[in-house]
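First the structure, in the form of structure tokens, and then the observations on it.
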There are 2 protein chains.
Amino acid sequence: MVKKKETKALDTTTEEKIKAAARVVFHKKGYAATRTRDIAGEAGINLALLNYYFRSKEKLFETIMFETVFGFMQNMALVLNDEKSSLEKKVELIASYYIDFITKEPNIPIFMLSEIRNNNAGGLLERLPIKQLVMNSAFFKQHQEAVAKGKIAEPNPLHFLMNLLSLVVFPFIAMPLLQGIGGLNEKQFNQLMQERKRLIPVWIKAMMKAK
Amino acid sequence: MVKKKETKALDTTTEEKIKAAARVVFHKKGYAATRTRDIAGEAGINLALLNYYFRSKEKLFETIMFETVFGFMQNMALVLNDEKSSLEKKVELIASYYIDFITKEPNIPIFMLSEIRNNNAGGLLERLPIKQLVMNSAFFKQHQEAVAKGKIAEPNPLHFLMNLLSLVVFPFIAMPLLQGIGGLNEKQFNQLMQERKRLIPVWIKAMMKAK
DNA sequence: AAACATTTTAATCATTTGATTAAAAATAAT
DNA sequence: ATTATTTTTAATCAAATGATTAAAATGTTT
């Protein structure tokens with residue numbers, strides 16, 4: 001009985017195998033270019049099991065999309081809502097965390113953004129309270145205080161957020177192009193991104209005062 | 001005879017109708033999610049004409065992809081290679097031109113970048129001499145001089161380019177998300193981007209000195 | 001061990017898709 | 001006006017795709 005439980009705990013269930021495979025393939029190819037056969041092949045299971053466990057390709061995709069977006073946003077929400085860290089510290093935490101996160105999962109940004117744009121996200125954005133999440137955050141308050149004290153020249157917090165996300169995320173999205181321009185292999189590109197962990201907070205700080 | 005020539009000049013040819021429709025649909029949906037029937041419908045022509053004029057969906061896509069990438073890069077190359085404009089002026093020109101360009105064609109950045117990433121670009125990147133284009137440019141020389149004079153703290157021109165492209169392009173790619181965060185409609189978002197024409201050169205200038 | 005429930009399998013299905021075909025229509029050349 | 005060529009049309013095709021089906025295999029309960 002005890003022995004049987006241990007053995008079971010070590011085995012991955014079919015459902016989990018499918019999800020793991022779907023994550024890989026959807027992230028790489030997107031919804032439209034992914035065939036259910038691709039996922040079954042990646043999971044090493046029989047094709048019909050996708051419908052048995054998830055009912056449809058679409059439902060499976062919604063599950064993966066939700067988990068991907070939630071997993072990406074989770075740490076962002078934590079940092080933005082942390083009353084104890086300063087604005088500068090928040091920038092450092094976000095730059096550091098997301099450069100590592102995306103280095104490990106380089107397909108996630110463009111996957112999320114193109115599926116959102118293609119309306120394959122099933123109204124996911126409307127269902128996440130992201131407006132409240134940002135506008136009611138410690139970050140928002142801290143930004144307003146910094147503006148009031150003259151520490152930040154541009155009063156709109158959206159510009160601040162756009163700039164931070166732009167500097168962290170876009171290079172990964174444009175990676176093939178940037179590699180082409182700079183003649184970089186993957187290792188060299190990732191090194192460059194590691195440098196940006198230090199540089200981005202420096203740049204953001206300089207931008208705060210600039211008018 | 002003269003009358004007949006005039007009439008013909010005013011009519012769009014079938015080939016051009018197909019290309020225009022393909023541009024719209026491919027930009028919006030990408031290669032995988034676009035059906036040849038979608039393009040035929042958008043062009044108001046018979047489905048078989050796509051194969052008659054372009055032989056295959058893939059060949060049509062390659063044509064549109066090449067024109068899109070070339071059209072996007074063209075002004076970039078002009079500005080980067082202009083010996084007469086300063087580095088600061090180049091930043092202004094690029095921010096201004098591309099914010100307007102993408103405002104008119106908001107699907108182009110994510111279209112190009114995701115098709116490049118999905119290897120649907122048919123080796124287009126390898127065929128464009130983008131490395132030489134940037135590394136042999138007036139921009140590159142000017143960047144080196146500015147570094148030598150201590151005007152720019154970070155010596156790698158790739159960081160400079162990454163930052164500029166990031167600040168200009170990424171907000172458009174993330175538009176649905178940013179609209180969600182800020183509760184913006186399209187007009188409000190575009191207004192924000194127009195502000196960035198002035199702000200981005202200010203920010204880039206501040207970042208140049210920051211160490 | 002038998003009965004019942006769940007999971008897996010391989011074949012098959014219904015629909016969709018890019019592409020082809022043959023004939024009609026339009027245009028160009030003689 | 002006739003012939004040749006090009007363009008267009010609607011039907012059809014061959015292959016691919018998400019999904020279904022029925023039976024076999026495996027697991028659980030009595």
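Treat the numbers as computed from the prediction; the structure is a model and nothing was measured. Sequence lines set the chain letters: A, B, ... in the order given, protein chains first and strands last, and positions in each chain run from 1.
Separating the CG atom of B:N46 from the C1' atom of D:dT6 is a distance of 15 Å, rounded to the nearest angstrom. For the pair B:L50 CG and D:dT8 P, the interatomic distance rounds to 12 Å; values are reported in whole Å. Between the CD1 atom of B:I45 and the P atom of C:dA19 there is a distance of 14 Å, given to the nearest Å. When the C1' atom of C:dG18 is taken as reference, atom CZ of B:F54 falls 16 Å away, rounded to whole Å. To the nearest angstrom, P of C:dT6 lies 15 Å from CD of A:E15. Summarising the geometry, the separation between CG on B:D38 and P on C:dT17 is reported as 8 Å, rounded to the nearest angstrom.
Counting heavy atoms from C-beta on, the side chains of B:Y98 and B:N75 come closer than 4.5 Å.
Aromatic rings of B:F61 and B:F26 (six-membered ring for Trp) have centroids within the 6.0 Å cut-off, being under it.
For B:K29, the NZ atom sits in a packed shell: over 12 heavy atoms of surrounding residues, nucleotides or ligands are nearer than 6.0 Å.
The salt bridge (Lys or Arg N to Asp or Glu O under 4.0 Å) contacts involving residues 182-203 of chain A comprise A:D100-A:K197, where partners must be two or more places apart or lie in separate chains.
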Donor-acceptor pairs under 3.5 Å, side chain of residues 47-56 of chain B to any protein atom, not counting sequence neighbours: which ones?
{"residue": "B:N51", "atom": "ND2", "partner": "B:R55", "partner atom": "O", "Å": "3.0"}
{"residue": "B:S56", "atom": "OG", "partner": "B:E58", "partner atom": "N", "Å": "3.4"}
{"residue": "B:S56", "atom": "OG", "partner": "B:K59", "partner atom": "N", "Å": "3.0"}

Protein-to-nucleotide contact annotation, 5' to 3' order, nucleotides 13-25 of chain D [B base; S sugar-phosphate only; - none; under 4.0 Å, heavy atom]: ----BBBBB----

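Annotation: cation-pi pair A:K57/A:Y31 present, NZ/CZ under 6.0 Å from the ring centroid and within 45° of its normal.
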